[in-house]
Protein chains: 2
Amino acid sequence: MLEFVPQAYTRADEAFDCLQTAIVKGDLTPGEKIGEVELCSRFHLTRGPLREALGRLESRGLLVRRPHAGVKVVSVSADELIELYRIRELMEGLAARQAAERMTDAEIAALRATLDTHETMIEQAQGQAYYQAEGDYDFHHRIATGSRNTKLTQMLLGDLYYMVRMYRYRLSTSSGRPHMALGEHRNIVDAIANRDGELAEFLMKRHIHAARKNIEQKIRDGELTF
Amino acid sequence: MLEFVPQAYTRADEAFDCLQTAIVKGDLTPGEKIGEVELCSRFHLTRGPLREALGRLESRGLLVRRPHAGVKVVSVSADELIELYRIRELMEGLAARQAAERMTDAEIAALRATLDTHETMIEQAQGQAYYQAEGDYDFHHRIATGSRNTKLTQMLLGDLYYMVRMYRYRLSTSSGRPHMALGEHRNIVDAIANRDGELAEFLMKRHIHAARKNIEQKIRDGELTF
DNA sequence: ATCACACGGATTGTCAACAATCCTTCAGTA
DNA sequence: TACTGAAGGATTGTTGACAATCCGTGTGAT
């Protein structure tokens with residue numbers, strides 16, 4: 001029956017999720033030195049599972065750890081954000097190409113459905129924040145998994161997206177171009193539906209390239225502060 | 001005076017390194033279920049640090065872990081190896097471009113020096129194995145760090161290279177084209193030295209593309225078994 | 001004979017105390 | 001007054017024991 005099993009959720013997993021969302025949402029500010037005991041009391045955990053979670057988060061680059069000195073959330077810079085988008089441009093381009101070759105029709109239909117949801121969200125004005133925060137993430141998430149490329153999916157979902165979401169919360173960047181982004185998304189889905197991998201890759205790369213240019217402009221205008 | 005400090009090596013780090021090299025070198029065969037206590041006695045560790053290391057290795061994709069069931073080394077497939085090279089092609093291309101823009105002259109000189117070392121190794125025939133095993137890794141390693149792109153470096157050194165090295169040991173693949181690879185390496189360094197990022201990217205992508213084609217051919221010929 | 005279920009052993013997950021290391025503070029001296 | 005050094009406190013790293021969960025075996029019923 002292929003039912004989704006919650007897969008024995010351990011305390012360490014819980015700790016990992018808690019810390020991750022806390023970092024992403026900015027509850028833990030970058031550079032802030034944080035003690036293990038404080039984290040324990042804050043999230044109602046014990047130090048064992050917490051330390052295991054810290055290890056995982058460190059190897060994912062969300063926090064840095066100096067032996068016997070403590071842990072702190074990674075400090076972020078404008079340059080690193082730009083570099084991140086350069087990487088995204090390449091990897092998501094590849095993901096789009098392979099998704100066009102490998103996604104099932106059902107997955108493509110589901111992808112279209114999410115875009116419809118986004119559209120109504122945007123039309124209802126209040127949706128802009130939602131769109132930028134989670135809707136866009138959902139779209140890219142589906143394409144990444146649709147690529148059937150294990151390592152690529154792992155890197156996008158496990159590394160890059162958390163970073164991107166962290167920056168988004170930090171910079172409170174409603175990137176300001178939801179309508180345009182939605183149109184670009186639709187074109188990408190069309191290319192995937194037509195099984196045109198080359199075009200899908202091109203459009204995806206241009207999509208992320210545009211997003212990067214948008215951010216660079218905002219940085220120059222001083223709209224984004226770090 | 002900017003001295004390199006060995007940075008307080010903890011037991012968990014030790015465990016991480018031990019396990020990592022064991023996995024990479026094939027001492028731990030893929031799919032093999034491994035108990036924590038056995039690992040402890042084998043590497044003279046206690047379970048605490050070991051578990052922390054296991055967590056890190058899991059999030060890097062070198063092993064999989066099912067709660068209460070145990071850990072096992074990732075099983076590798078031919079397809080996944082190919083996918084890995086697709087990703088490398090893009091990311092190392094970017095690394096080469098940025099390295100051309102940002103490497104210091106001293107770093108470039110050092111890069112050339114390593115190539116000279118490789119050449120003498122190859123000429124002394126016995127060096128083929130060395131070249132493929134570590135020399136090639138060294139070359140790509142230097143370019144990755146030379147890119148000054150934090151996340152890119154992190155992903156290449158922390159994820160992809162370990163995977164590639166693991167496959168190499170597993171498949172005992174002296175990719176069989178050391179001379180050709182050395183020539184390609186020299187061309188890449190020349191492009192970097194000329195600060196021609198575009199060319200460096202092109203050459204690096206072609207270099208890795210060729211390596212992938214070489215592997216695909218061997219798989220077709222049945223020279224590589226999984 | 002095959003399947004279902006339960007029990008026991010073994011393994012993993014968790015906890016709290018102990019040891020090792022670092023950072024801060026506070027003298028003391030130039 | 002500024003700097004060096006050491007001692008104390010606090011925090012992290014580690015350990016071994018305890019609890020929770022899973023896998024294999026064996027028994028019973030269909």
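Order of the sequence lines sets the chain letters (A, B, ...), proteins ahead of strands, with each chain counted from 1. FYI, side chains are in, hydrogens and waters are out, and symmetry mates aren't considered; it's all heavy atoms of this structure.
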B/Glu80 vs B/Tyr167 side-chain heavy atoms within contact, under 4.5 Å: yes
Any B/Arg11 side-chain nitrogen or oxygen under 4.0 Å from OP1 or OP2 of D/dT15: yes
Euclidean distance, atom CD of residue B/Glu52 to atom C1' of D/dT12 [Å, nearest integer]: 11 Å
Distance test, side-chain N/O of A/Thr10 to OP1/OP2 of C/dT14, below 4.0 Å: yes
Spacing of A/Arg66 atom CZ relative to C/dC23 atom C1', expressed in whole Å: 10 Å
Donor-acceptor pair present, B/Arg65 side chain and C/dG13 base, under 3.5 Å: no
Integer-rounded Å distance: C/dT21 P and A/His68 NE2: 6 Å
Sugar-phosphate, base or nothing in reach of A/Ile34, heavy atoms under 4.0 Å: sugar-phosphate
Atom pair distance, as rounded to whole Å: CD in A/Glu36 and C1' in C/dA20: 14 Å
Contact check, side chains of B/Ile34 and B/Leu63, non-hydrogen atoms, under 4.5 Å: no
Whole-Å distance separating the OH atom of A/Tyr9 from the C1' atom of D/dC22: 20 Å
Residue met sooner reading DNA chain C from 5', once A/Pro49 and B/Gly70 are mapped to nucleotides: B/Gly70
Aromatic ring pairing A/His140/A/His207, orientation class (parallel under 30°, perpendicular over 60°, tilted between): parallel
Rounded distance in Å - NZ (B/Lys72) to P (C/dT12): 14 Å
Touch class at under 4.0 angstrom, heavy-atom based, for B/Gly48 against every strand present: base
Atom pair distance, as rounded to whole Å: CZ in B/Arg47 and P in C/dT12: 7 Å
Within 45° cone of B/Tyr85 ring axis and under 6.0 Å: B/Arg88 NZ or CZ: yes
Minimum-distance nucleotide (side-chain atoms of A/Lys33 versus C/dT11, D/dT12, D/dG13): D/dT12
Rounded interatomic separation in angstrom, taking CD from A/Glu58 and P from D/dT12: 14 Å
Within 6.0 Å of NZ in A/Lys151, more than 12 heavy atoms from elsewhere: yes
B/Ala69 side chain, from C-beta outward: closest of D/dC23, D/dG13, D/dT11: D/dC23
